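Following: one structure in structure tokens, then a few remarks.
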Amino acid sequence: MSILRRGDEKFHYSDGSHKWIPPDPDYDQDVWDEQIRQHKHGHLRNERPKVRIQRLI
């Protein structure tokens with residue numbers, strides 16, 4: 001099960017995996033990498049989820 005919070009959509013593909021390439025080709029890759037790092041750190045902190053999405057296999 002993936003846990004997505006409001007606003008997390010820009011960091012995830014529809015299958016719940018993380019986007020390692022910024023959606024905008026002109027966006028600075030180093031800035032995007034840092035945003036993804038902080039976003040993933042949020043997953044690890046076990047913050048209360050606002051939205052739950054369950055993937056069916």
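Since this is a predicted model, take the numbers as computed values, not measurements.
Heavy-atom minimum distance, W32 versus P23: CH2-CD, 3.5 Å.
With side-chain heavy atoms closer than 4.5 Å counting as contact, directly or through intermediates, I21 stands alone and belongs to no larger hydrophobic cluster.
Side-chain atoms of Q29 come within 3.5 Å of backbone atoms of W20 as a donor-acceptor pair (strictly under, hydrogens ignored).
For residues 18-35, every residue pair satisfying the salt bridge (Lys or Arg N to Asp or Glu O under 4.0 Å) rule, not counting sequence neighbours, is listed here: E34-R37.
F11 has its ring centre no less than 6.0 Å from the ring centre of H18.
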